[in-house]
Amino acid sequence: MITRRGFGAVLAAGLLATSLAACANSDTGADAGDGPIVLGFSQVGAESGWRTANTNSIKEAAAAAGIELKFDDAQQKQENQIKAIRNFIQQKVDVIAFSPVVESGWDTVLKEARDAKIPVILTDRSVDSADRSLYKTFIGSDFVKEGRLSGEWLIEQTRSATGPVTIVELQGTTGSAPANDRKKGFAEAIAANPNLKIVASQSGDFTRAGGKQVMEQFLKANPDIDVLFAHNDDMGLGALEAITAAGKVPGRDITIITIDAVKDGMQALADGKFNFIAECSPLLGDQLMELVRKVHAGEEVPARVETQETTFTQEQARAALPNRRY
């Protein structure tokens with residue numbers, strides 16, 4: 001039997017234990033309300049200079065924002081990303097963000113995240129799901145616009161052409177949003193000039209090695225190529241090796257248009273080996289962390305957040321290079 005005095009002692013001990021436990025949770029971050037936001041992020045891979053800069057931006061921004069980052073490299077495989085997202089769900093992270101390898105095939109795993117009440121943010125690349133409730137927002141570039149700007153520049157450069165202008169296209173990863181959209185935007189723009197003809201189009205998988213290999217095939221099948229449109233700088237840089245090996249002068253014998261504007265690409269543009277670049281900025285980290293905080297707090301966010309970008313000619317690249325961050 002507990003006396004009144006004994007009951008008071010037990011009550012005091014219980015309150016003290018509760019107080020100590022609360023302090024312990026506060027200090028260690030074990031309490032969900034007091035600890036850091038935990039972000040699970042699945043990256044496409046490390047296939048290009050752009051992707052490396054994008055990864056660094058996200059890691060640096062998370063550290064600066066005090067957000068705990070669980071990072072996964074999918075090595076350009078969708079099955080790896082789906083596995084990573086499921087791991088994040090099991091770990092009960094606060095927010096999931098990822099850059100989809102391809103556009104299709106995400107509904108099932110995104111429904112699992114929604115059922116677990118974990119908000120999802122798409123970065124850099126979107127998905128083709130008709131169910132907009134599966135993710136909170138998409139932050140990234142307008143890939144169709146990048147392709148269109150590239151095509152519009154070529155239209156201006158070839159206005160006086162009276163004969164056919166042969167174009168080859170180095171596409172990005174098959175089925176990916178940037179590959180699909182850049183192709184679409186470029187094709188829509190050049191349709192204004194019937195002399196512009198795409199004679200070959202194939203994926204180089206956004207890599208330098210892929211760009212070199214496919215460009216070698218293009219040159220064997222079409223010795224008189226006038227224009228190369230590459231969906232990113234890295235494929236264009238790989239293509240330079242194939243063009244030079246074929247005895248042609250890049251930037252003069254073959255006009256080269258690329259997308260991204262990473263340092264190596266900008267240097268090639270400044271050196272006259274490329275002719276035009278449409279920018280696609282990889283520095284999404286700060287904007288992403290701001291969105292993470294907002295969706296975690298239950299705040300409304302725009303369904304689409306577009307990054308601000310520009311285009312570069314050879315002269316503009318020379319002026320911009322000294323202060324280029326990536």
Side-chain angles (χ1 to χ4, degrees), residues 46-53 76 146-147 149-151 153-158 161 163-174 178-179 182-183 186 190 195-280 282 311-322 324 326:
E47 76 281 2
S48 64
W50 190 98
R51 190 63 58 189
T52 300
Q76 293 184 279
E146 292 166 356
L149 290 171
S150 300
W153 179 85
L154 183 59
I155 285 282
E156 286 300 316
Q157 301 303 306
T158 57
V165 177
T166 60
I167 305 166
V168 293
E169 181 180 27
L170 280 169
Q171 296 182 46
T173 302
T174 302
R182 288 167 182 170
K183 180 177 181 64
F186 185 76
I190 66 171
N195 289 323
L196 301 180
K197 301 289 185 183
I198 298 176
V199 297
S201 183
Q202 187 174 325
S203 172
D205 213 22
F206 284 128
T207 67
R208 292 196 191 195
K212 178 183 178 182
Q213 181 181 6
V214 177
M215 192 66 196
E216 287 172 346
Q217 297 170 12
F218 284 165
L219 287 163
K220 288 177 183 177
N222 307 278
D224 298 321
I225 295 168
D226 297 309
V227 179
L228 165 63
F229 170 49
H231 286 191
N232 77 339
D233 292 340
D234 278 77
M235 289 190 296
L237 291 165
L240 290 180
E241 298 180 48
I243 293 168
T244 303
K248 296 181 181 292
V249 180
R252 190 179 71 191
D253 295 333
I254 298 178
T255 297
I256 299 176
I257 302 166
T258 70
I259 295 174
D260 274 357
V262 297
K263 270 189 177 178
D264 287 351
M266 291 284 278
Q267 189 62 61
L269 183 60
D271 292 342
K273 296 176 182 178
F274 286 178
N275 301 85
F276 181 83
I277 297 178
E279 184 180 36
C280 180
T311 60
F312 294 95
T313 60
Q314 292 174 343
E315 296 77 14
Q316 290 167 333
R318 294 186 193 106
L321 259 174
R324 200 71 180 157
Y326 57 92

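This one's a predicted model, so the numbers in the text were calculated from it and none came from an experiment. Note that the numbering runs from 1 along the sequence shown for the chain. Heavy-atom basis, side chains included; hydrogens, waters and symmetry copies ignored.
Atom CD of Q157 is separated from atom CG of L196 by 11.5 Å, given to the nearest 0.5 angstrom. With rounding to the nearest 0.5 angstrom, the CD atom of Q202 is 8.0 Å from the CD atom of Q213. From F218, atom CZ reaches atom OG1 of T166 across 11.5 Å, with rounding to the nearest 0.5 Å. Note that CD of E279 and OG1 of T258 are 11.5 Å apart. Values are rounded to the nearest 0.5 Å. Note that CZ of F206 and CD of Q76 are 9.0 Å apart. Values are rounded to the nearest 0.5 Å. Note that CG of N232 and CG of L237 are 8.5 Å apart. Values are rounded to the nearest 0.5 Å.
Side-chain atoms of N222 do not come within 3.5 Å of backbone N or O of A200 as any donor-acceptor pair. Counting only distance, with no hydrogens or angles, the side chain of D234 and the backbone of T207 share no donor-acceptor pair below 3.5 Å. Although no hydrogens or angles enter the test, the distance criterion places no donor-acceptor pair under 3.5 Å between the side chain of T255 and the main chain of N275.
Between T244 and P250 there is a side-chain heavy-atom pair separated by less than 4.5 Å. Two residues are said to be in side-chain contact when any heavy atoms from C-beta on lie closer than 4.5 Å; I257 and W153 meet this criterion. Within the 4.5 Å cutoff, the side chain of Q316 has no heavy atoms near those of the L269 side chain. The shortest side-chain heavy-atom distance between I256 and I243 falls under the 4.5 Å cut-off. In this structure, the side chains of E47 and D205 stay at 4.5 Å or more apart for every pair of heavy atoms. Counting heavy atoms from C-beta on, the side chains of I190 and I198 come closer than 4.5 Å. Side-chain contact between T158 and I167 is absent, with no heavy-atom pair separated by less than 4.5 Å. With a 4.5 Å cut-off on side-chain heavy atoms, T311 and F276 count as touching.
Partners of F274 according to the ring pair (Phe, Tyr, Trp, His ring centres under 6.0 Å) rule, which considers only residues two or more places apart in sequence or in another chain, do not exist here.
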I254/M215 under side chain to side chain contact (heavy atoms under 4.5 Å, CB included): CA gap, chis, key distance, verdict: CA-CA 12 Å; I254 298 178; M215 192 66 196; 4.2 Å; yes

Under the side chain to side chain contact (heavy atoms under 4.5 Å, CB included) rule, what do S48 and D233 come out as? Steps first, then yes or no, please. CA-CA 8 Å; S48 64; D233 292 340; over 6 Å; no

Report the C-alpha separation of K263 and M266 in whole Å, then their side-chain angles, then the decisive distance to 0.1 Å, and conclude whether the side chain to side chain contact (heavy atoms under 4.5 Å, CB included) test is met. CA-CA 5 Å; K263 270 189 177 178; M266 291 284 278; 5.6 Å; no

Determine, stepwise, if the pair V168 / V199 fulfils side chain to side chain contact (heavy atoms under 4.5 Å, CB included). CA-CA 6 Å; V168 293; V199 297; 3.9 Å; yes

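A donor and an acceptor atom, one from each side chain of H231 and E146, are nowhere located under 3.5 Å apart.
Atom NZ of K273 is surrounded by 12 or fewer heavy atoms from other residues, nucleotides or ligands within 6.0 Å. For R252, the CZ atom counts as loosely surrounded, since its 6.0 Å shell holds 12 or fewer non-hydrogen atoms of other residues, nucleotides or ligands.
The two residues F186 and L154 come nearest to each other via the heavy atoms CZ-CD2, 4.0 Å. Nearest heavy atoms, S150 versus A278: OG-CB, 3.8 Å. Of all non-hydrogen atoms in E216 and A242, the two that sit nearest each other are CG-CB, 3.6 Å. Scanning both residues, P282 and A53, for their nearest heavy atoms gives CG-CB, 3.7 Å. Annotation for R324 and F312: closest pair NH1-CZ, 3.8 Å, computed over non-hydrogen atoms. The minimum heavy-atom distance between A270 and R318, with the atom names listed, is O-NE, 2.9 Å.
Across K248, K212, R208, a single residue satisfies salt bridge (Lys or Arg N to Asp or Glu O under 4.0 Å) together with E241, and that is K212.
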